[in-house]
Amino acid sequence: MPELPEVTTISNQLKKELTGKVISSVSVNVGYKVHPSNEEFLKWVTRSTIEDVGRIAKVIVIIVGKSDARRYISIHLAMTGRLRFWRSLPNQESPQTGDSLVEMRFEGGTSLVFTDVRRFGYVKLLNEGELKVLKAKYGPDPLSVDLKSFSKNIRSRRTNIKNALLDQSLISGIGNIYANDALFMAKIHPKVSTGDLTIQQFNNLLSSIRQILYEGIEHRGSTLGDLMYTDIYGFYGEHQNYFRIYGKSFCSICKSKLEFMVLNSRGTYFCPVCQKEDSPDSGESLYRSLLI
DNA sequence: ATGTTTGTTCCGAT
DNA sequence: CATCGGAACAAACA
């Protein structure tokens with residue numbers, strides 16, 4: 001499930017637990033490959049100190065330092081990636097054969113284990129230049145972007161609004177679940193063209209996105225039916241209990257039967273009554289007149 | 001057996 | 001060139 005709220009939850013917890021810790025040893029599963037190579041990763045990370053932990057889009061970034069140099073362990077959880085923090089060494093399974101793909105042990109006896117059943121995620125060791133490249137791939141963060149950049153970026157792509165929200169180069173961190181909920185909250189039909197949205201709708205949409213992401217963070221993310229996502233302590237998120245429309249059958253506002261469609265290969269829920277496909281201000285050029 | 005899933009990237013078609 | 005849809009990555013589940 002990891003979208004922005006889940007990644008933020010994990011990143012915040014890691015920052016609290018790991019900052020200042022020395023990595024005493026590292027192991028990578030024999031059947032797993034990390035960038036740039038397992039050898040390089042082990043060589044660099046072993047005996048390094050964790051300086052900070054942060055997030056770029058949906059990527060967790062652990063900053064490690066060693067003799068005046070610095071590297072960035074970037075971790076993408078994709079669909080099924082997990083990070084689990086242990087107070088004591090997880091003894092049982094050997095990282096060479098178990099589910100553990102990458103394991104870092106810290107002085108003091110704690111450890112961090114990365115697992116990923118479907119292996120869509122990754123662990124990479126980046127240098128300064130590679131981190132910049134990574135950062136450049138992503139659009140601004142929805143929690144800090146201003147309305148003008150948000151609308152300008154979205155409008156730069158001629159497609160439907162839901163597809164644009166999922167395009168990480170335009171705005172980063174929003175995934176399918178939160179996109180569904182944000183569009184419902186802003187009463188915008190997922191298929192509306194980016195160019196047809198008014199400045200008022202962009203304003204509502206950005207506010208909705210922020211509110212929903214903040215709620216998601218407060219609830220420590222969403223754990224779906226597969227129980228895949230947990231925080232680093234193994235606790236489930238709670239935000240699935242607060243979904244506005246994702247996975248629902250009836251509109252919480254007008255009680256209409258919700259509709260479901262596949263849009264750009266992603267499951268899409270919408271209320272045919274609250275989210276009209278026709279823009280209420282269709283035909284007007286308010287946005288353009290304000291910009292120029 | 002087929003279709004579905006929280007993400008991303010790449011390719012060929014348009 | 002921009003964009004789209006589908007496939008791919010791989011696994012569990014209904």
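Keep in mind it's a predicted model, so treat the numbers as computed, not measured. In what follows, every chain begins at residue 1, and chains take the letters A, B, ... in the order their sequences are listed.
- The shortest distance between the side-chain N/O atoms of A:Lys137 and the OP1/OP2 oxygens of B:dT9 is below 4.0 Å.
- Residue-level contact check: A:Ser156 touches the backbone only, with heavy atoms under 4.0 Å from sugar-phosphate atoms and none from bases.
- For the pair A:Ile177 CD1 and B:dT5 C1', the computed distance is 9 Å after rounding to whole Å.
- For the residue pair A:Ser25/A:Arg105, the side-chain donor-acceptor check at 3.5 Å is satisfied.
- Between A:Gln168 and the phosphate of B:dG7, there is no side-chain N or O to OP1/OP2 separation shorter than 4.0 Å.
- Among the heavy atoms of the strands lying under 4.0 Å from A:Phe260 are primed sugar atoms or P, OP1, OP2 only; no base atom is included.
- Distance A:Arg82 CZ to B:dG7 P: 17 Å, rounded to the nearest Å.
- A parallel orientation is assigned to the rings of A:Tyr242 and A:His219, their planes being inclined by less than 30° (bins at 30° and 60°).
- Put simply, CG on A:Leu4 is 11 Å from P on B:dT8, counting in whole angstrom units.
- Counting only heavy atoms from C-beta on, A:Phe120 has its side chain closest to C:dC9 among C:dT3, C:dC9, B:dT9.
- The gap from the P atom of C:dG6 to that of B:dG3 amounts to 13 Å, rounded to the nearest Å.
- Ranked by how close their nearest DNA chain C nucleotide is to the 5' end, A:Arg119 and A:Leu263 are led by A:Leu263.
- Using a 4.0 Å heavy-atom cutoff across all strands shown, A:Gly267 reaches sugar-phosphate atoms only and no base atom.
- Within the 4.0 Å cut-off from OP1 or OP2 of B:dG7, not a single side-chain nitrogen or oxygen of A:His76 is found.
- Between C:dC4 and A:Thr159, a contact under 4.0 Å exists linking OP1 or OP2 to a side-chain N or O.
- Applying the 4.0 Å criterion to OP1 and OP2 of C:dT3, one finds that A:Arg157 has a side-chain N or O inside that range.
- The closest side-chain donor-acceptor pair between A:Arg84 and A:Thr115, if any, does not fall under 3.5 angstrom.
- The side chain of A:Asn163 sits closest to C:dC4 out of C:dT3, C:dC4, B:dT8.
- Salt bridge absent: A:Glu40 and A:Arg71 never bring a charged side-chain N and a carboxylate O closer than 4.0 Å.
- With distances taken from any side-chain atom of A:Val117 to the nucleotides C:dC4, B:dG7, C:dA11, the minimum falls on C:dA11.
- Rounded to a whole angstrom, the distance from the P atom of C:dC1 to that of B:dT8 is 25 Å.
- When distances run from any side-chain atom of A:Asn264 to the nucleotides C:dC4, C:dG5, B:dT8, the shortest one goes to C:dG5.
- Checking A:Glu6 against A:Tyr178 by side-chain atom types alone, a donor-acceptor pair falls below 3.5 Å.
- The CD1 atom of A:Ile75 sits 17 Å away from the C1' atom of B:dT8 (whole-angstrom rounding).
- Comparing atom distances between the A:Arg266 side chain and each of B:dG7, B:dT5, C:dT3 picks out B:dG7 as nearest.
- Closest to the A:Ser265 side chain, of the nucleotides C:dG6, B:dT9, B:dG7, is C:dG6.
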